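All of these numbers come straight from a predicted model, not from anything done at the bench.
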Amino acid sequence: MPAQERKPLGFYLIAVLAGLVLLTPLLTSKALGGSVLMKASVFQWLTLVMAAVWAVLAAGNAKYRPNWRNPLVIAAMSWLAILLLTLPFSLNPSLSFWSSRDRMSGILNVSHWILWFLVLSSTLKTWKEWRVFLAGSNFACLLVGAIGLLELTVNRAPGYRIESTLGNAIYLSYYVLPHVFIALMLAARSSRWPSRAMYLVSFLIHAVVIVETATRGALLAMLFGLVAMAIGYLLLIAKNRRRAVLAGFSLIAVGLVAAGLIGLVRFTEPGKEWGKAHFPQPIQRILYHDFGSDRLSLWRMGLTGWKERPILGRGLENYANILDRHIDSTKDSALSQNWYDRTHNQFIDILIGTGAVGFLAYLFLWAMALYRPLRELRRTNSAGEKAVFLLSAAAVAAQMFALFFAFDTPNASIVFWMVLAMTVGLSDRRFAPEPEPETRLPRQDRRRSVRGGNPPSDLPAIVFTASVALILGWTLNWRPYDQAVDYNRIMAGYHRYPDQTVEALRKRLAKPTFVIHDINFNMMSRLKNYSESQQVDRDAFRDLVVFGTEQMDLTLANRPDNFKSLLASAYAYRELGTYDPNALVRARELGLESIKIAPNRPEGYEELSEIEMLKGNLELAWDYMEQALSVSRHAYTDGRVLMRRSAIRAMQGDMDAAEAELQKALDVGYGIGQDLRNMSDYPDLMKPGEPRPIITRYYSDITQYYPKSTLAKAAFAIAAIKTGNLDLASRQLEELWKLDPNAAESIAKDLGIALR
């Protein structure tokens, strides 16, 4: 390379930082599972530092400034501007801007993706530069895929879907998807067969990984992109028109035959039998799993919610508000009473979040993402460049198709915006390459030339701006992750150090970040598990309940119209009501507010029933459980409700009715032994000498699910005594003695049983 073409220091710093970004999918955290938050936080921090270095680089050299006239750059900046314009109209601007720790796709995250796009498109301008960068991304994807495929060596259970370091099969498939086309791009531009063969092998590995995730949207998107690539080649690149037409008809014929075969094995009984006997599990799931009735329900409710605020929308990340208000148990049984915060259709999500205004800007972005590489393909005479732009357009087409069945995820979005940056960077013709010198420069002049693009005065500026970015990144990007990890660490030690837990939490959560609300929801889930398992010291537990209630007040103030916030707050006050009965008044108010927002969800009625059970209003508690059962359309929820109806009947002294409800829970397939809530409701109310086979079955199942639960064994022993089964009671006390001799001896003494 001629001396005058040497890159400035800032260029290499940006390249190193960008290379580190490509490795973020490999990051994982035991504390946070697949850790979307961790990966996104590291990406944002690195991008901020990249942008700081780039600002200095662009200030001193026009070559590294954005091409503001490029329609794709205009579309990206317009999209960001529209997001900021609609932000004040969001139902929850904080959530729309920051997102949640499990999604990381709010406006802050989108702005970092666009910043990443601007830095790359302004810095990398030649195929030689992009080749190295794309090869690095492809290599990182191969590592992620290899880790996922290795999972199959230890887990080949029916229906298993590989997740790798991303912690979710869908996330993995959509991250791998663009790399299918990147691998083909690298193969097409390779001049040597060994490297070309290597990239073709990586293409096949990416395809296998997508199949093993059993994600139909990603698989169909890959096939759609490959077909779009083939059609584009025939129409725009192939020189022999006759052969192109023949190939086109052949492609159509192959597609029709494939569709016919799929229909045969999917919709005919002999075909189904043969397919289920011969196809691998991932292919079986793709072919025979429910074809999207849950998606159709989500889309229908999304469009219903959009009509309520059609112009500027209700803000990103607010789909859950629509679901809670419009879910209809008579139509949406496919949703299985799960929590959904996305429609699983990015285009409907954008329509809901930003209204018609944002949706048009979003469509303009996609139109430019497809138009620009196709236009550049027509402008160039280089076969290699044609291949790159064609595959870039195919990757965009595949991504667009995929997002009809999914939503933006951080790692996939980073790769998508990288592909867009490549299109802009390679099409930037504002600066012609400098001519090579005819004579070799003297040593002193060469030294100056090497530093010419980056004079010594730039180094202090780079150090200063990068330092500012590092400090900003700590506050903006890393501190929320650090806080979430600390919270998990503190809560994990609760049973060993209950007295220190609340003090540690108060100190760590004193300065809230955007993850505080996710932390509070998680805290309520843990408190509920602790309470229902009855494995807590009630005196020490009170401090944690009081703190949790304070935290939920904070979350409820931030998200007042959110069903999940109201429900969790109602639970917090209900738990507090076991110590202070006055708190039950507030718990009931919150429970009633929750069913106003989501009248067709069972959870609000269940919570109100639990509150009334604590207050002793058992008939009213029964009525609320009846309402919960009327809106439930899922066996697990039915069983959960029937279990608590059994407890209500037991509290009323009607053990026959209690056992009948327990039998109903068994009949719907509910695992009664996993539910500890009724554990202490039966023994004291059972009459001596009455056989209670279903209740005995309940305690037997509990001790199998929780073999180390001393309370379960104690309750089982008491229930066995009541039914007159002394041998069974003795066996349970003997097992209890192995875990807690003092408790076993005390209960044995009270029951008049001698331990062996």
Side-chain angles (χ1 to χ4, degrees), residues 491-499 501 526-542 544-545 575 578-579 613-614 639-640 643-644 646-651 653 655 658-659 661-663 665-666 670-756:
M491 287 299 290
Y494 170 71
H495 286 297
R496 287 180 295 169
Y497 311 106
D499 296 332
T501 296
R526 292 196 185 202
L527 261 63
K528 200 169 186 178
N529 289 336
Y530 293 162
S531 178
E532 291 177 356
S533 67
Q534 302 181 30
Q535 298 283 346
V536 292
D537 181 313
R538 296 304 303 184
D539 291 333
F541 193 55
R542 177 174 184 165
L544 187 57
V545 169
E575 194 64 58
T578 60
Y579 304 98
M613 288 167 69
L614 277 179
R640 191 175 66 207
M643 284 288 293
R644 296 309 283 159
S646 175
I648 292 171
R649 288 305 187 220
M651 293 177 190
M655 295 304 297
E659 202 165 37
E661 295 298 315
L662 202 57
Q663 179 63 59
L666 279 169
Y670 186 72
I672 59 174
Q674 301 176 61
D675 196 331
L676 296 167
R677 293 177 298 170
N678 291 18
M679 190 165 56
S680 59
D681 292 325
Y682 300 132
D684 294 340
L685 299 168
M686 293 169 63
K687 295 179 181 179
E690 289 185 345
R692 295 292 175 191
I694 306 303
I695 291 177
T696 301
R697 159 80 181 274
Y698 170 59
Y699 286 113
S700 176
D701 286 357
I702 282 182
T703 53
Q704 290 181 37
Y705 275 107
Y706 304 97
K708 295 185 179 181
S709 172
T710 57
L711 292 177
K713 293 184 185 301
F716 195 1
I718 296 171
I721 285 288
K722 290 292 184 76
T723 61
N725 195 334
L726 297 181
D727 288 339
L728 180 60
S730 296
R731 286 200 301 273
Q732 293 306 311
L733 288 175
E734 288 169 8
E735 291 183 15
L736 177 61
W737 188 85
K738 296 175 183 177
L739 299 172
D740 189 341
N742 293 332
E745 291 173 359
S746 176
I747 294 173
K749 182 178 180 182
D750 291 341
L751 296 178
I753 297 177
L755 289 171
R756 298 174 190 175

Would you say the side-chain atoms of [X] pair up with the backbone N or O of [Y], donor to acceptor, closer than 3.5 Å?
| X | Y | result |
| --- | --- | --- |
| K722 | P683 | yes |
| S700 | T696 | no |
| N678 | D681 | no |
| S709 | Y706 | no |
| T501 | Y497 | yes |

Answer whether the closest heavy-atom distance between the side chains of [X] and [Y] falls below 4.5 Å.
| X | Y | result |
| --- | --- | --- |
| Y699 | K713 | no |
| L527 | E575 | no |
| W737 | N742 | no |
| L736 | L733 | yes |
| N725 | D727 | yes |
| L728 | R731 | yes |

Locate the shortest heavy-atom distance separating [X] from [Y]; write the atom from each residue and the value.
| X | Y | answer |
| --- | --- | --- |
| A719 | M686 | O-CE, 3.9 Å |
| Y670 | R640 | CE1-N, 3.7 Å |
| A665 | G639 | CB-O, 4.0 Å |
| L676 | E532 | CB-O, 3.4 Å |

Name all pairs fulfilling the salt bridge (charged side-chain N to carboxylate O under 4.0 Å, His left out) condition that reach into residues 686-702, sequence neighbours left out, sorted by first residue then second.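 As it turns out, the salt bridge (charged side-chain N to carboxylate O under 4.0 Å, His left out) pairs with a partner in residues 686-702, which skip direct neighbours, are D656-R692, E659-R692, E690-R692, R697-D701.
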First locate atom [atom1] of [X], then atom [atom2] of [Y], and finally report the distance between them rounded to the nearest 0.5 Å.
| X | Y | atom1 | atom2 | result |
| --- | --- | --- | --- | --- |
| L614 | T578 | CG | OG1 | 7.0 Å |
| Q663 | I695 | CD | CD1 | 11.5 Å |
| D740 | L711 | CG | CG | 9.5 Å |

Are F541 and Y579 close enough, and set up right, to give a ring-ring contact (aromatic ring centres under 6.0 Å, His included), and what steps lead you there? CA-CA 10 Å; F541 193 55; Y579 304 98; 7.1 Å; no
Just checking, any donor-acceptor pair under 3.5 angstrom between side chains of S646 and Y698?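 Not at all, the side chains of S646 and Y698 share no donor-acceptor pair under 3.5 Å.
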Hey, can you tell me if H495 and Y530 have their rings parallel, tilted or perpendicular (30° and 60° cut-offs)?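 Judged by the thresholds at 30° and 60°, the geometry between H495 and Y530 is perpendicular.
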